[in-house]
Colleague: 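Sharing a structure with you now.
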Protein chains: 2
Amino acid sequence: MKKEETTEHQILDAAKDVFQSKGMDGARMQEIADKAGINKAMLHYYYRSKQLLFEAVFKNAFSLLAPQLNTILNDDSTIEDKIRNFTNDYTTFMMKHPYLPNFIINELHRNEDFILKLKENTGFPNLEKFKSSVDAEINKGILKPIDADQLFVNILALNIFPFLGKPLVKALTKKDEKAYKAFIESRKTEVANFIINSIKQH
Amino acid sequence: MKKEETTEHQILDAAKDVFQSKGMDGARMQEIADKAGINKAMLHYYYRSKQLLFEAVFKNAFSLLAPQLNTILNDDSTIEDKIRNFTNDYTTFMMKHPYLPNFIINELHRNEDFILKLKENTGFPNLEKFKSSVDAEINKGILKPIDADQLFVNILALNIFPFLGKPLVKALTKKDEKAYKAFIESRKTEVANFIINSIKQH
DNA sequence: ACATTTGTTAACCATATGGTTAAACTTATT
DNA sequence: AATAAGTTTAACCATATGGTTAACAAATGT
């Protein structure tokens, strides 16, 4: 039997769907059981409680996101390349997992202690290398002076917000689903250009 | 008796607190009643149901946000001035209402039909004037070519994301509450500079 | 073949929750 | 003062919900 077919994995899979679209509070154990096609008691047999099942889903979700960040933070390319690659890769990734940003942001807000647990994990993104790269390029005159934290948050903001605020963005810019997707698609390069334009010395 | 002291208003006030911090699903009618210092039956007497009370709170919240957007969209100043003013004003405003962005983004995501109701309202932000201003300044050679929708979403992203992603931003940049506040404070000018740098022709 | 562990189910339970009701109290109205 | 209208409360109700139990089935080991 393949790993994906075990009851335990089917539960996690169904739980992911339900928790990510409805959040901890909106999710129902019965709905998860139904979606997994098993008895509700199984959820408790494998995961003990709603809280623990939720945490399993959350850690799983975060472990998908963290590597995306670590790429830009830990490789040895130039800041410009980091930004171009990240913007392209992150957007591509998020188009496949559109619920992920909202889910993480949301539940992190609901329970701030949660992030402490994540921080303990190895693989929690660390900005130090990115910061020293930015500072080095500023000293070399490649980039205009900018605080590395501010730059990093700007990069995140420009990449994540269109997913977080999808309904608002669609409504304000009067785009239907198709136009929204095209809009996001073009951001893969637009956003990188926007950032590079702003910070590159010339 | 002042308006703020009426039972009806006290309910709305307590409901705002509870709904904005816990969301529709996480909010409890009893908690709202307790916070307002009244009997739970009063909530139904004045607002009929949880759903309608929630909608009253939501519309109220959105009606605070919309004017913030309309300022940048409808006044006659240059794009540069619009961006500088908006970035400063919006950030100042959000520091006073830190739950607002998450609340709106979240509940809009939970129920996409909700935004249709808002669109019908007069005062729903309209981008047309902003777009033609951007295009005009591009033609005059003041700004580099950029799609006005993309620029607008960038402006929103850079201003809103630090509030939406507060726990994540704090954890990634290793800031405590005080350092986070200082970080946000400096964004009032940093973000405007970042945007102007990127789009201004020179 | 038998016993033991693991997996699965239907039925059940305690509690939480949104909502209702009927009576009491307060505030105008005549 | 009597009446009507509006406001407030305690007690109640039906249902939903997370979680448990006990019996049963399927593997697994000896």
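The analysis underlying the following values was restricted to heavy atoms, covering all of them including side chains, and did not include hydrogens, waters or symmetry mates. Throughout, protein chains are lettered first and strands after them, A, B, ... in sequence-line order, and every chain is numbered starting at 1.
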Colleague: Measure from the side chain of Ala41(B), starting at C-beta and using heavy atoms only, and say which of dT21(D), dT8(D), dT20(C) lies closest.
Modeller: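 When the side chain of Ala41(B) is considered, dT20(C) is the closest of dT21(D), dT8(D), dT20(C).
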Colleague: Given atom CE of Met42(A) and atom P of dG19(D), what is their separation to the nearest angstrom?
Modeller: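 That distance rounds to 15 Å.
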Colleague: With a 4.0 Å limit, can you tell me whether Arg28(A) has a side-chain N or O closer than that to the phosphate oxygens OP1/OP2 of dG18(D)?
Modeller: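 So the side-chain polar atoms of Arg28(A) do come within 4.0 Å of the phosphate oxygens OP1 or OP2 of dG18(D), strictly under.
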Colleague: For the pair made of CD in Gln30(A) and P in dG18(D), what is the distance, rounded to whole Å?
Modeller: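 Gln30(A) atom CD is separated from dG18(D) atom P by 9 Å.
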Colleague: On DNA chain D, compare the nucleotides closest to Gly37(B) and Asn39(A); which residue's is nearer the 5' end?
Modeller: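 It is Gly37(B) whose nearest nucleotide is closer to the 5' end.
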Colleague: Any donor and acceptor pair, going by atom type alone, linking the side chain of Lys82(A) with main-chain N or O of Ile72(A) inside 3.5 Å?
Modeller: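 Yes.
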Colleague: Can you find a side chain N or O atom of Thr7(B) that sits less than 4.0 Å from OP1 or OP2 on dT7(D)?
Modeller: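 For dT7(D), neither OP1 nor OP2 has a side-chain N or O of Thr7(B) closer than 4.0 Å.
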Colleague: May I ask you to establish whether Arg110(A) and Phe54(A) are in a cation-pi arrangement, using a distance under 6.0 Å from NZ or CZ to the six-membered ring centre and at most 45° from the ring axis?
Modeller: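 Yes.
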Colleague: What integer distance in Å separates Phe54(A):CZ from dG18(D):P?
Modeller: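 Nearest whole value for this atom pair: 14 Å.
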Colleague: Rounded to the nearest Å, what distance is computed from the NZ atom of residue Lys22(B) to the P atom of nucleotide dT17(C)?
Modeller: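 Checked: the NZ to P distance equals 10 Å.
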Colleague: Just compare dT9(D), dT9(C), dG19(D) and give me whichever is closest to any side-chain atom of Ile38(B).
Modeller: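 Between dT9(D), dT9(C), dG19(D), the one nearest the side chain of Ile38(B) would be dT9(D).
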Colleague: Rounded to whole Å, how long is the line connecting atom CD of Gln10(B) with atom P of dT8(D)?
Modeller: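 Rounded to the whole Å, the gap is 9 Å.
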Colleague: Among dT20(C), dG18(D), dG19(C), which nucleotide sits nearest the side chain of Lys50(A)?
Modeller: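 When the side chain of Lys50(A) is considered, dG18(D) is the closest of dT20(C), dG18(D), dG19(C).
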Colleague: Does the Asp13(B) side chain pair with the main chain of His9(B), one donor and one acceptor, at a distance under 3.5 Å?
Modeller: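 Answer holds: no.
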Colleague: What's the closest nucleotide to the Ser49(A) side chain, out of dT20(D), dG18(C), dG19(D)?
Modeller: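 Closest nucleotide to the Ser49(A) side chain: dG19(D).
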Colleague: What is the distance, rounded to the nearest whole Å, between atom CG of Leu43(B) and atom P of dT21(C)?
Modeller: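 Checked: the CG to P distance equals 17 Å.
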Colleague: May I ask you to check whether Phe130(A) and Phe152(A) place their ring centers less than 6.0 Å from one another?
Modeller: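 For Phe130(A) and Phe152(A), the ring centres are under 6.0 Å apart.
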Colleague: Any pair with a residue in residues 89-100 of chain B that passes side-chain hydrogen bond (donor to acceptor under 3.5 Å, both in side chains), sequence neighbours left out, goes on the list, sorted by first then second residue, please.
Modeller: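 Qualifying pairs: Thr92(B)-Lys188(B).
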Colleague: Assign Ala27(B) to base, sugar-phosphate, or nothing according to its heavy-atom contacts below 4.0 angstrom with the strands shown.
Modeller: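 If one applies the 4.0 Å heavy-atom cut-off, Ala27(B) turns out to touch the sugar-phosphate alone, with no base involved.
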Colleague: What nucleic acid atoms does Met29(B) come within less than 4.0 Å of, heavy atoms only: base, sugar-phosphate, or nothing?
Modeller: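 Touches sugar-phosphate only.
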Colleague: Provide, to the nearest angstrom, the distance between the CD atom belonging to Gln51(B) and the C1' atom belonging to dT17(C).
Modeller: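 Rounding to the nearest Å, CD of Gln51(B) and C1' of dT17(C) are 16 Å apart.
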Colleague: If you only use heavy atoms from C-beta on, which nucleotide in dT9(C), dT9(D), dG7(C) is closest to the side chain of Tyr46(A)?
Modeller: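 Ranking dT9(C), dT9(D), dG7(C) by closest atom to the Tyr46(A) side chain puts dG7(C) first.
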Colleague: From NE2 of His44(B) over to C1' of dA22(C), roughly how many Å is that when rounded to an integer?
Modeller: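 One finds 17 Å between C1' of dA22(C) and NE2 of His44(B), rounded.
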